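All remarks here apply to the structure that follows.
Remember, predicted model here, so these are calculated numbers, not experimental data.
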Amino acid sequence: MDSPGKATKQPKLVELDASGWSIKARLALKHRGALYCSAQYLPGLGEIWTRVHLRKFRGRISAPFLLLPEGGVLEDSLAIAQWADQHGSRQNEKLFPPELESQILRWNAACDSILAYGRSTFIQAVLASPELAVGLLPKPLQLFGPLSRLLIRYMLRQVAAKWKDVDQAASLDKIKAEFQKLSDTLHTNGGDFVLGKLTFADLAMAVATSTIEPFGTSLIPGKAFRAPGLEDFRGLIPWRDQILRRPSLQ
């Protein structure tokens, strides 16, 4: 994995491994066969480099973002997925068929709200648990004892402050309504795809179910975090796993 600032002829995905938004971007790039390299983003500590590199000194910044060889940058998972759909090498299903694009954007917005709820509850849980907090840091930074705990609490509070307005809007009742709509839609459509065929809506909502039951890399090694209040929607997990087992996503 490259360092964030190393030059490359391939697009470079700067990401946070276990972030739902980064996972959405990676899935789209994989499905469409878009070549890219990757680098890790460290919240808080990585922000100064990011602002300098992107020449963006105001407003919110976060991972993922895609650095293009010609000098452009795509700053969110949706834009990265749309880029992958246009530049991927595979002759498989397009993730954004024009006739379904407005519905796909609606489901992607639902995913973002769900992930925001998950982020908010995760930060609250970690701030309340010093052991969990230290586990978020890279191993070399865990060796500084009390200083490590102060560092991660500072980083988490920075993230929480940055996204306060977004996360506060993502109430549990709204998230339950989105998952209920997903369940009802899948039932109506036969249970395979949100919009009748594979689209980015499926990838987005599959990632959203990580708030119900985690998958893939955990933010804290050996610790699986489940957002509270979503236990009634565990019936969506087999659908999620079926989507993620597709050969194009491996």
Side-chain angles (χ1 to χ4, degrees), residues 1-56 59-88 95-96 104-105 107-120 122-123 136 138 155-156 158-160 162-163 166-167 170 199-211 214-219 244 248-249:
M1 186 172 292
D2 293 331
S3 64
K6 185 178 178 181
T8 177
K9 293 182 180 180
Q10 290 184 341
K12 180 180 290 184
L13 180 68
V14 181
E15 59 177 329
L16 181 61
D17 261 350
S19 159
W21 289 275
S22 291
I23 294 171
K24 278 199 293 181
R26 286 202 305 270
L27 289 176
L29 290 162
K30 280 185 179 182
H31 173 74
R32 296 293 291 131
L35 296 177
Y36 70 99
C37 58
S38 62
Q40 281 299 299
Y41 174 82
L42 187 60
L45 297 180
E47 186 161 322
I48 295 175
W49 171 87
T50 302
R51 287 193 180 279
V52 171
H53 195 81
L54 298 182
R55 298 178 184 177
K56 183 177 179 179
R60 285 190 288 231
I61 56 171
S62 187
F65 54 91
L66 189 71
L67 301 173
L68 301 174
E70 59 270 24
V73 59
L74 303 175
E75 293 190 47
D76 64 71
S77 58
L78 177 62
I80 294 169
Q82 291 171 322
W83 179 91
D85 216 30
Q86 296 300 317
H87 294 85
L95 293 174
F96 294 88
I104 293 168
L105 296 181
W107 283 107
N108 182 67
C111 170
D112 286 347
S113 293
I114 293 167
L115 293 178
Y117 173 76
R119 174 175 57 203
S120 175
F122 176 79
I123 289 175
L136 274 172
M155 291 167 59
L156 287 171
Q158 289 289 99
V159 173
K162 183 191 327 187
W163 299 104
V166 176
D167 292 355
T199 69
F200 189 65
D202 297 288
L203 303 190
M205 292 309 292
V207 171
T209 65
S210 63
T211 56
F215 65 88
T217 304
S218 174
L219 278 168
L244 296 183
S248 65
L249 298 177

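- A distance of 12.0 Å separates CG of Leu249 from CZ of Arg26, quoted to the nearest 0.5 Å.
- From His31, atom NE2 reaches atom CG of Leu203 across 7.0 Å, with rounding to the nearest 0.5 Å.
- Taken to the nearest 0.5 Å, the CD atom of Gln10 stands 5.5 Å off from the SG atom of Cys37.
- Contact check for Thr211 versus Phe122: no side-chain heavy atoms found under the 4.5 Å cut-off.
- Considering only residues two or more places apart in sequence or on other chains, Phe96 meets the ring-ring contact (aromatic ring centres under 6.0 Å, His included) condition with Phe200.
- In this structure, the side chains of Gln40 and Asp17 come closer than 4.5 Å at one or more pairs of heavy atoms.
- Counting heavy atoms from C-beta outward, Ile23 and Leu27 have side chains that approach closer than 4.5 Å.
- One distance of note links OG1 of Thr209 with CG of Leu244; it measures 7.0 Å at 0.5 Å rounding.
- Under a 3.5 Å cut-off, the side chain of Ser120 and the backbone N or O of Tyr117 do not form any donor-acceptor pair.
- For the pair Trp21 and Asp112, the minimum side-chain heavy-atom distance is below 4.5 Å.
- Legend: residues meeting side-chain hydrogen bond (donor to acceptor under 3.5 Å, both in side chains) with Trp107, ordered by chain and number and at least two apart, are absent.
- Between Leu115 and Ser210 the shortest side-chain heavy-atom distance falls below 4.5 Å.
- Residues satisfying the side-chain hydrogen bond (donor to acceptor under 3.5 Å, both in side chains) test with Ser22, not counting sequence neighbours, are none.
- Residues passing the side-chain hydrogen bond (donor to acceptor under 3.5 Å, both in side chains) test with Arg119, sequence neighbours excluded: Asp167.
- A 4.5 Å side-chain heavy-atom check between Lys9 and Leu35 finds every atom pair outside the cut-off.
- Here CG of Asp85 is found 10.5 Å from CG of Leu29. Values are rounded to the nearest 0.5 Å.
- Applying the side-chain hydrogen bond (donor to acceptor under 3.5 Å, both in side chains) criterion to Ser62, with sequence neighbours excluded, gives no partner residue.
- For Arg32 (side chain) and Gln82 (main-chain N/O), no donor-acceptor pair under 3.5 Å exists by modelled atom type.
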Please list, one pair per line, the donor and acceptor atoms closer than 3.5 Å that link side chains of residues 65-81 to other protein atoms, with sequence neighbours excluded.
unit_1, atom_1, unit_2, atom_2, d
Glu75, OE1, Lys56, NZ, 3.0
Asp76, OD1, Leu78, N, 3.0
Asp76, OD1, Ala79, N, 2.8

